[in-house]
Amino acid sequence: MTASDSIGQTGTRIIAASGKGRLLAFARAGMPLVHFVLMLMLMPWKPVGADDQFPAEIWPILQAHCIACHGEGEKVEGQINLSALEKNKGLQEDADFLLAIRKVLEDYQMPPVEESGWSDQMRTSMITHLNMQMVEVLRSRPFAPTPIRRMNRRQYNNAVVDLLELERDIFPLNEKVMRRYSDYFQPGSGKMPAEVRVQNRPLGKDVDGARAEGFMGVAAFPQDLRAEHGYDTQADHLTLSPLLMESFLQLSESIVTSKDLKPAECGCWNDFFMAPQTLEKEDVEAQVDLVRERLKPFLRQAFRRPPDSETLNRFVVFAESQLQAGVEFTDAMKTLVGATFASPEFIYLYDPGESEEKQAGAPDVGDDLALASRLSFFLWGSVPDDALLDLAVCGRLSEPETLRVQVDRMLNDPKMVRFCDSFPGQWLQLDRLISSIPDKQKFGYFYFHQAYRASMHMMLEPLLLFETILIENRSVLELLDADFTWQSDMLRAAYEGRVGKQEDKILTFKRVPVSDRRWGGVVTNAAVMTMTSTPHRTQPITRGAWLNSVIFNDPPEPPPADVSPLGEKIQQEQENLTLRERFEEHRTRADCAACHRDIDPLGFALENYGPTGLWREQYENGREVDASGTLFNRHAFSDIRDFKDVLLREKRRFVRGFSGHLLSFALGRPLDAVDSQTLDEIADRALEGNDGLRDILKMVTLSDPFRKLTFRGNSGVSKSSLSQTKSKGVTVPRLEVSVTEGGVIDAKD
């Protein structure tokens with residue numbers, strides 16, 4: 001009798017217990033636990049309590065197929081001890097475990113390839129059953145909260161620029177890779193031009209002296225750390241220590257005292273900082289009324305909600321004391337702006353919950369105000385504009401049709417350039433290219449003008465591709481396989497292994513067709529190939545891990561600490577080996593083999609691309625490059641063209657992973673099992689023809705995890721008062737605060 005026959009006859013409920021990590025470890029090791037998990041899938045589910053015993057009826061099957069390796073005596077392979085499962089939590093109550101089972105089934109990790117008797121129909125049936133079970137399990141589970149967090153420095157800069165209507169950033173942002181010298185980024189046009197003029201910030205020169213970056217005397221706070229496999233928007237990396245709070249106070253003061261804050265730089269100068277000529281300086285009461293009139297909409301946008309009367313009065317009272325002391329109107333307004341930029345209500349991102357002030361019987365708009373902030377910080381990296389706030393205050397922003405209209409408006413706004421300055425570079429991990437230094441003797445064509453490298457041009461190619469797909473709403477599948485790309489003369493030469501026209505200042509990129517599928521898309525471009533190589537050779541494992549993390553959103557586990565990396569120098573006995581053969585030692589270790597089965601086919605598929613992205617058919621020793629492999633234990637490919645066909649065949653997996661990247665970037669937190677249904681729905685809709693990048697961005701903003709509150713409770717600020725302190729001869733009001741969520745911060749002098 002087969003295992004499946006035994007399962008069909010038992011007809012009993014099954015309770016299993018394990019964790020995601022243990023299941024995946026078991027599956028990757030290809031252990032006999034597969035029989036146990038498949039039994040779980042094929043038997044009917046019945047709701048049970050967490051304290052129920054593991055059914056005695058199943059023990060004969062476990063003993064026949066699994067216990068010998070997992071729990072008999074002292075033998076516990078894969079760290080799985082099945083004898084410990086007599087009492088445990090019901091499997092159907094653990095969504096993470098259900099999701100992990102589905103994943104190993106979808107990846108064809110279970111059953112192992114050497115097992116026979118399991119059909120694709122059976123696998124599909126099990127996955128369908130799992131999906132139905134997960135819907136029930138997740139029905140009542142809330143979305144994970146996003147902790148209160150501060151703005152990152154990019155968001156802080158953008159917010160200040162928008163509030164003061166500045167013409168340039170307040171401090172240099174090297175993480176913004178591109179300077180754009182041709183005004184091509186017009187998403188409302190729906191079309192990219194055939195040629196653009198750009199520059200690489202971190203790897204190029206600033207040759208535009210008329211457009212110096214940063215205000216005089218304003219120093220940027222340190223660049224924010226990126227979460228592992230994540231983004232600089234993640235809440236757990238955006239904490240605020242007392243020392244950093246003090247830095248924010250100094251930063252806000254330096255902005256308003258900078259000599260560059262003047263009419264020529266500030267679009268709102270006349271309407272906000274400058275008093276009308278008809279206003280008498282001696283008429284303090286009239287000046288105070290004007291302060292209140294101008295400050296209320298300013299605070300509404302800065303705090304992302306209408307200021308309560310207590311807060312507004314506190315600011316106005318302080319301004320009145322300044323004006324009565326003889327301070328000029330403009331200087332008083334600057335001081336209030338400095339206080340605003342130092343306020344926790346400006347620095348912190350959080351969902352405000354219920355509005356503190358509202359008319360009797362009026363609907364609460366806390367959710368809509370929170371939604372306005374999430375939208376603006378996701379797409380524009382800044383505070384919401386008046387249009388979003390007006391709708392939020394009326395409680396209309398969350399209406400589906402209204403939300404769609406607003407998202408369309410935002411996607412057509414030139415401020416979407418900020419999304420392109422942040423998300424794609426972090427998604428593709430292009431910052432790794434900055435430190436890539438190929439060997440000068442082997443790859444002399446990579447260098448020009450002494451310190452300049454071809455990577456200055458390489459980095460811009462995938463970014464311009466991303467911008468084109470966004471502006472023209474092209475299918476996200478073109479990120480994998482596009483029939484066009486962007487090239488400069490230098491970049492074209494680098495692909496051919498020669499030194500081209502030496503541009504180290506403003507670079508001209510042209511949109512060019514791609515007829516050879518070895519090129520096109522973000523996977524096979526020179527930037528990715530170079531940053532995933534050492535100075536002397538390619539790194540298939542690094543490339544495979546990059547593909548798993550970026551393309552499939554499934555980062556591998558870190559390697560064991562005692563695994564030594566492959567040496568840079570080839571030993572004499574290895575001179576006639578291919579790189580694949582040199583890696584055999586890593587795949588022979590049991591604790592390495594499982595991950596290598598996932599990573600190696602991805603990495604070696606790109607082995608025809610040398611350490612700088614140059615195409616090669618042979619290694620230096622004359623051996624042929626072997627780029628063949630099998631992906632997900634079922635898709636065989638022989639070269640990069642076949643491999644791209646496989647990626648497109650697995651397009652649902654890519655779209656789902658890409659949507660997960662977007663959603664995590666937007667929410668500022670890692671995703672979990674509760675978010676999985678949203679990703680499934682987006683992937684399904686994309687495969688129905690809605691796979692344009694704008695379409696997917698809209699689906700993310702209309703999804704339940706995005707629209708629903710991610711943080712509830714106190715607004716974050718339980719007490720605030722204005723006090724005065726003198727610094728550099730300027731009186732600046734500072735906020736004394738206590739933060740009830742995320743720790744207590746004392747901002748006293």
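The first residue of the sequence shown is numbered 1, and numbering continues consecutively from there. Basis for what follows: all heavy atoms, side chains included, without hydrogens, waters or symmetry-related copies.
No side-chain donor-acceptor contact under 3.5 Å links Ser182 to the backbone of Val196. In this structure, Thr340 contributes its side chain and Leu336 its backbone to a donor-acceptor pair below 3.5 Å. Side-chain atoms of Ser258 do not come within 3.5 Å of backbone N or O of Gly217 as any donor-acceptor pair. Side-chain N or O atoms of Asp224 include none that pairs as donor or acceptor with a backbone N or O of Asn152 at under 3.5 Å. Distance alone, capped at 3.5 Å, is enough to place a donor-acceptor pair between the Glu472 side chain and the Met192 backbone. A donor-acceptor pair is defined here as one N or O able to donate and one able to accept, closer than 3.5 Å; no such pair exists between the side chain of Ser373 and the backbone of Ala370. The main-chain N or O of Leu397 is found under 3.5 Å from a side-chain atom of Asp368 such that the two form a donor-acceptor pair. For Ser664 (side chain) and Gly660 (main-chain N/O), no donor-acceptor pair under 3.5 Å exists by modelled atom type. Checked by atom type and distance alone, the side chain of Arg201 pairs as donor or acceptor with a backbone atom of Lys176 at under 3.5 Å. Of the possible polar contacts, none joining the Asn174 side chain to the Pro202 backbone as a donor-acceptor pair under 3.5 Å is found.
Looking only at side-chain heavy atoms (C-beta outward), Leu379 and Met416 come within less than 4.5 Å of each other. Between Trp269 and Leu261 there is a side-chain heavy-atom pair separated by less than 4.5 Å. Contact of the Leu290 side chain with the Pro276 side chain is registered, since non-hydrogen atoms from C-beta on lie closer than 4.5 Å. At least one side-chain heavy atom of Leu388 sits under 4.5 Å from a side-chain heavy atom of Arg409. With a 4.5 Å cut-off on side-chain heavy atoms, Ser343 and Phe303 count as touching. Between Asp260 and Ile170 the shortest side-chain heavy-atom distance does not fall below 4.5 Å. Lys698 has its side chain within reach of Asp408: a pair of non-hydrogen atoms, C-beta onward, lies under 4.5 Å apart. Residues Asp162 and Trp380 have side chains not in contact (no heavy-atom distance under 4.5 Å, counting atoms from C-beta outward).
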Working for side chain to side chain contact (heavy atoms under 4.5 Å, CB included), residues Arg694 and Asn412: CA-CA 10 Å; Arg694 289 193 187 202; Asn412 284 328; 2.6 Å; yes
Derivation of the side chain to side chain contact (heavy atoms under 4.5 Å, CB included) call for Leu662 and Trp427: CA-CA 9 Å; Leu662 288 171; Trp427 169 53; over 6 Å; no
Pair Phe377-Arg304, side chain to side chain contact (heavy atoms under 4.5 Å, CB included): steps then yes or no: CA-CA 11 Å; Phe377 279 99; Arg304 286 86 71 189; 4.1 Å; yes
Derivation of the side chain to side chain contact (heavy atoms under 4.5 Å, CB included) call for Leu464 and Tyr184: CA-CA 11 Å; Leu464 287 169; Tyr184 70 84; 3.7 Å; yes
Derivation and outcome, salt bridge (charged side-chain N to carboxylate O under 4.0 Å, His left out), residues Arg707 and Asp367: CA-CA 8 Å; Arg707 289 188 299 108; Asp367 287 13; over 6 Å; no
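Side-chain contact of Gln186 with Ser189: a donor-acceptor pair under 3.5 Å is absent, judged by distance alone.
For residues 398-422, the ring pair (Phe, Tyr, Trp, His ring centres under 6.0 Å) pairs, not counting sequence neighbours, are Phe378-Phe419, Phe419-Phe423.
Atom CG of Asp169 and atom CG of Asn158 lie 7.0 Å apart (nearest 0.5 Å). Between the CD atom of Glu401 and the CZ atom of Arg396 there is a distance of 10.5 Å, given to the nearest 0.5 Å. Note: Phe272 CZ to Cys266 SG = 9.0 Å, rounded to the nearest 0.5 Å. Atom OG1 of residue Thr678 and atom CZ of residue Phe706 lie 12.5 Å apart, to the nearest 0.5 angstrom. Asp289 contributes atom CG, which lies 10.5 Å from atom CD of Gln287 (distance to the nearest 0.5 angstrom). The structure places CD1 of Ile696 at 12.5 Å from OG of Ser703, a figure rounded to the nearest 0.5 Å.
Counting all heavy atoms, side chain and backbone alike, Gly326 lies closest to Lys281 at O-NZ, 3.8 Å. Residues Arg669 and Ala144 come closest through the heavy atom pair NE-O, 3.0 Å. Shown here for Val476 and Phe658, the closest heavy-atom pair between the two residues is CG1-CE2, 4.0 Å. Taking all atoms of both residues into account, the shortest heavy-atom contact from Phe273 to Phe329 is O-CD2, 3.5 Å. Residues Leu371 and Ser398 come closest through the heavy atom pair CD2-CA, 3.8 Å. The shortest heavy-atom contact between Leu702 and Arg404 is CD1-CG, 3.7 Å.
Under the side chain to side chain donor-acceptor pair (under 3.5 Å) test applied with Asp232, the options Gln426, Arg226, Gln155, Arg153 reduce to a single match, Gln426. Remark: of the listed residues Asp421, Val198, Leu460, Leu460 is the sole one forming a side-chain contact (heavy atoms from CB on, under 4.5 Å) with Val177.
Aromatic ring orientation, Tyr231 versus His661: perpendicular (interplanar angle above 60°, classes split at 30° and 60°). Ring orientation note: the planes of Phe221 and Tyr156 are nearly perpendicular, at an angle over 60° on the 30°/60° scale.
Listed by chain and residue number, nothing satisfies the side-chain hydrogen bond (donor to acceptor under 3.5 Å, both in side chains) test with Arg294 (two or more places apart in sequence, or in another chain). With sequence neighbours left out, the ring-ring contact (aromatic ring centres under 6.0 Å, His included) criterion links Phe341 to Phe346.
Dense packing is recorded around NZ of Lys415, with more than 12 heavy atoms of other residues, nucleotides or ligands lying under 6.0 Å away.
A salt bridge links Arg300 to Asp390: at least one charged side-chain nitrogen sits closer than 4.0 Å to a carboxylate oxygen.
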